[in-house]
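None of the values given here were measured: they were computed from a predicted structure. In this chain, residues are counted from 1 in sequence order. Every heavy atom of this structure was used, including side-chain atoms; hydrogens, water molecules and symmetry mates were not.
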Amino acid sequence: MSRHPLQRLTSPSRGFSALVHLAGLLSFLASLDWQHRYPNPITMRWGGQYQFLTILGLLMSTITFACGLLADITLSPKLFEVKNVLSVCSTPLEVLVSILYWGLCAIDKTLVVPPGLALPFIPDFGFHAMPALMLTVDLLLLSPPWTVRTYGAMSISMVVAFLYWGWVEVCFAKNGLYPYPIFELLTTVQRVVLFTFSASLMTGSTLLLKWVYGAINGVEELKKEALHPVKGE
């Protein structure tokens with residue numbers, strides 16, 4: 001199939017696109033397998049490893065790249081479209097995970113990593129950096145431009161943030177323990193602020209990714225849209 005006129009490289013294809021999606025998928029599956037092989041006291045409680053936003057994001061990234069690889073193998077426009085729709089949520093989410101994780105680690109690693117549960121560098125990088133990197137490469141080189149507008153991105157981000165908060169509270173009610181130590185330190189009002197900030201950061205990630213896409217692929221309209229998000233809504 002012919003590529004979108006604004007898309008940098010041909011995708012779906014059985015060449016470079018398939019290699020990117022295969023490499024990403026193998027990385028994501030290796031991370032999920034590592035988590036399964038080396039459980040910790042938190043993952044052995046109710047909700048398991050899916051208490052962590054990192055793992056939920058990784059699972060969505062895995063589904064996104066699986067659709068991308070299947071689209072490459074079959075050259076299916078429908079699967080390619082599904083991959084692109086999933087990417088609108090999974091890519092900003094993974095960028096958010098990377099920013100929050102590495103940012104909080106720079107401040108105080110114990111805010112996100114309980115004592116004694118620090119990961120070796122390679123799996124740590126695999127969980128908290130590779131998904132954002134691979135999904136960004138897919139967006140910038142192998143995808144058509146996103147059509148999602150600012151309010152749409154904001155709605156997706158708010159839904160993701162507060163659904164996760166609800167899930168975290170359900171797990172806390174079952175376990176008496178939060179997956180991330182930072183939640184233990186915050187009051188309910190402070191958690192509202194944290195999740196609202198996270199949703200705003202995810203929305204900002206979407207706009208930044210649109211701007212970078214426009215800059216790399218020469219789409220001035222996307223750059224203007226990202227810099228002036230309210231106009232045209």
Side-chain angles (χ1 to χ4, degrees), residues 27-64 89-135 153-206 208:
S27 172
F28 305 159
L29 290 173
S31 293
L32 291 171
D33 181 65
W34 196 95
Q35 183 70 59
H36 179 71
R37 286 174 181 269
Y38 301 100
N40 60 58
I42 297 176
T43 62
M44 295 176 70
R45 294 172 181 260
W46 193 90
Q49 61 185 348
Y50 301 107
Q51 296 175 71
F52 294 98
L53 183 62
T54 298
I55 301 300
L56 294 174
L58 186 59
L59 184 61
M60 188 161 188
S61 298
T62 302
I63 296 169
T64 301
C89 180
S90 57
T91 305
L93 177 58
E94 289 292 14
V95 171
L96 172 68
V97 167
S98 291
I99 292 173
L100 289 177
Y101 179 78
W102 297 109
L104 288 171
C105 281
I107 297 169
D108 182 354
K109 196 165 187 175
T110 61
L111 292 173
V112 286
V113 180
L117 297 184
L119 298 172
F121 175 75
I122 290 179
D124 199 11
F125 191 85
F127 281 115
H128 300 110
M130 277 298 288
L133 291 173
M134 295 303 295
L135 283 159
M154 191 181 302
S155 298
I156 292 170
S157 300
M158 292 295 286
V159 167
V160 169
F162 283 91
L163 277 179
Y164 179 64
W165 184 21
W167 169 241
V168 164
E169 293 298 340
V170 169
C171 292
F172 177 78
K174 300 280 188 179
N175 300 325
L177 180 73
Y178 285 109
Y180 295 108
I182 189 174
F183 295 153
E184 302 276 3
L185 305 176
L186 303 178
T187 65
T188 299
V189 172
Q190 289 170 332
R191 286 190 209 110
V192 171
V193 173
L194 174 63
F195 282 98
T196 302
F197 170 75
S198 298
S200 301
L201 194 56
M202 185 173 167
T203 302
S205 298
T206 302
L208 177 61

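Residues Ser90 and Thr64 have side chains that bring a donor and an acceptor to within less than 3.5 angstrom of each other.
Residues meeting the side chain to side chain donor-acceptor pair (under 3.5 Å) test with Ser31, sequence neighbours left out: none. Applying the side chain to side chain donor-acceptor pair (under 3.5 Å) rule to Thr187 yields the partners Gln190; only residues at least two apart in sequence or on another chain are considered.
Using a 4.5 Å cut-off on side-chain heavy atoms (C-beta onward), Glu94 and Met60 make no contact. The shortest distance between side-chain heavy atoms of Leu32 and Ile55 falls below 4.5 Å. Counting only heavy atoms from C-beta outward, the side chains of Asp124 and Trp102 approach each other to under 4.5 Å.
Judged by distance alone, with hydrogens and angles left aside, the side-chain atoms of Tyr180 form a donor-acceptor pair with the main-chain N or O of Leu53 at under 3.5 Å. Here the side chain of Asn175 pairs a donor or acceptor atom with the backbone of Trp46 at under 3.5 angstrom. Counting only distance, with no hydrogens or angles, the side chain of Thr43 and the backbone of Asn40 share a donor-acceptor pair below 3.5 Å.
Between the OH atom of Tyr178 and the CD atom of Glu184 there is a distance of 7.0 Å, given to the nearest 0.5 Å. With rounding to the nearest 0.5 angstrom, the CG atom of Leu58 is 10.5 Å from the CG atom of Leu93.
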Ignoring hydrogens and angles, write down the donor-acceptor pairs under 3.5 Å from the side chains of residues 109-120, residues two or more places apart or on other chains.
| residue | atom | partner | partner atom | Å |
| --- | --- | --- | --- | --- |
| Thr110 | OG1 | Asp108 | OD1 | 2.7 |
| Thr110 | OG1 | Asp108 | OD2 | 3.2 |

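None of Phe195, Phe52, Phe172 except one satisfies the ring-ring contact (aromatic ring centres under 6.0 Å, His included) rule with Phe183; the exception is Phe195.
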